[in-house]
Structures are given as C-alpha cells and as structure tokens.
Amino acid sequence: MKQTTGESAKHAAMEELKTRSMGKVPNLCAPGHPLVWGEGSLAAKVAIVGEAPGDKEEQLGRPFVGPAGALLDRELKQAGLDRKDIWITNAVKCRPVKEISKQIVNRSPTVREIRGWSETLMEELEIIAPQIILCAGAVAARAIIRKDFALTKERGRWFNGPLGTMVIATFHPAYILRQTGEDWDRTIKLFKSDIRKVAEAIESGEKEPEAHI
Ligand code: URA
C-alpha cells in the first residue's frame, strides 16, 4: 500500500523505536521471549492497548491474535470498527512467563516490567497520535490513565490522557472469556457498550472528554 508523507515519517519513526526497543529485551524479557510489537494503521484514529502478549501472540509475533484477540475483533466489527484501521499494541512488549512443573505458562506482568516498557509505550502512542486510546484491562489503564485506576468503577468513562488524547478503559477480553453465566452476560454487555462509545466518538469527531485526570 502507498504511504502518505506523514505515514512514511511515522513508519520511519516506528521502525527506529522498534529497533531501539530491542535493546531492552535482555533486561525486560525472559530469555527466548522476543518482542511482540504493535500493528495496524499508522494513521489510526483509535489505538488499543492491552496487557502483554500471550503464547499465540508470541508464536505469531503479533498482538491479540489468540482467543482474546478473536473476541476483540468480533466486537470491534459489530461496532463498525475494523481492526486494520486501528493500532493495536500492549503495555508490556514480551510474554511474561513462569515455570510450573516444567511447563512454561503465562503470568501477570510485574511492576518492573510495566514501568520498564512505559516510556516505549508512550513514544509508540506519540508516533501514532490517535484521537482515542482504548485501554483493554487494568494494566493498560494504570499505565496510561492513572496508577491507581479502578477498572470496575471507572471503566466506560472518558479521561484526558497523554498528549491530550481521549482515553477510555474497558475489561480485558481475556477476563471476559473467563466469565460464565450472568457474569459473562454482564461483562460482555459492558464491553460492547464501551466499544460502541469509541465508535460513536470517532463518528461524531467528539472532542470533549467528560472526566479529566
Ligand atoms: N492479551 C493481551 O493483553 N495482549 C495480547 O496481545 C494478547 C492477549
């Protein structure tokens, strides 16, 4: 696809940042667990930030391509948003793992990992310069909105984020996938409503968030 001047500048800046970020891998990633970089449109109006890559993401070297990604893609589509028009990335850029009975399994990222990647995440978002950032889960919301962000209480509300970008947080799709019965019904309904808010804000070119940090 042909890139505009703005996009080729963004492409160069993103490549430079990615190359520079490789230098953080030995310090911030377990041996053998590579960088999984963001992907999507460099001209995206919406950036989605998740927590960290899982095993499928690591295998394919792409964010949100496992079961959580499938749920995210489906709900984006239902709200009239196309993944390819969005920038999708993670707060932590390599898969956090632990060993249990000689098996390598996912774990939550540590504060050290989240802090270690935070400057990279901010630079990445600065290059994309989206109108809206959607934080998928508490790790992303705490990295972007506020350290003590309370997801259950504060999801679905607009905040004034870095670089004046409107930011909203929702449940992490992997969390929704772990719910059953009424909890599933409740969380998926709220997730749909949060994504719809993003779609509507983009459609209406809304500028004013209703809450500020
Ligand atoms: N969960 C995340 O937070 N990010 C991914 O890329 C995949 C699963």
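As the structure lists them, so they are numbered: ligands from 1, and atoms in each ligand from 1.
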F191 ring center within less than 6.0 Å of H172 ring center = no
Donor-acceptor side-chain pairing of T120 and K24 below 3.5 angstrom | yes
Any protein N/O atoms within less than 3.5 Å of an N/O atom in ligand 1? List the atom names and distances, or say none.
residue: ligand 1; atom: 1 (N); partner: A52; partner atom: O; Å: 3.4
residue: ligand 1; atom: 1 (N); partner: H172; partner atom: NE2; Å: 3.2
residue: ligand 1; atom: 3 (O); partner: E51; partner atom: N; Å: 2.7
residue: ligand 1; atom: 3 (O); partner: A52; partner atom: N; Å: 3.3
residue: ligand 1; atom: 3 (O); partner: A52; partner atom: O; Å: 3.4
residue: ligand 1; atom: 3 (O); partner: N90; partner atom: OD1; Å: 3.3
residue: ligand 1; atom: 3 (O); partner: H172; partner atom: NE2; Å: 2.6
residue: ligand 1; atom: 4 (N); partner: A52; partner atom: O; Å: 3.0
residue: ligand 1; atom: 4 (N); partner: N90; partner atom: OD1; Å: 2.7
residue: ligand 1; atom: 6 (O); partner: F64; partner atom: N; Å: 2.8
residue: ligand 1; atom: 6 (O); partner: N90; partner atom: ND2; Å: 3.0

Please assess R196 against E200 for the test salt bridge (charged side-chain N to carboxylate O under 4.0 Å, His left out), listing each intermediate value before the final yes or no.
-> CA-CA 6 Å; R196 225 178 300 120; E200 283 167 8; 5.4 Å; no
Does one side chain, of E124 or T89, offer a donor that lies under 3.5 Å from an acceptor on the other?
-> yes
Under the side chain to side chain contact (heavy atoms under 4.5 Å, CB included) rule, collect the residues that match up with T110, sequence neighbours excluded.
-> R107, R112, E113
Check the surroundings of atom NZ in K77: do more than 12 heavy atoms from other residues, nucleotides or ligands lie under 6.0 Å from it?
-> no
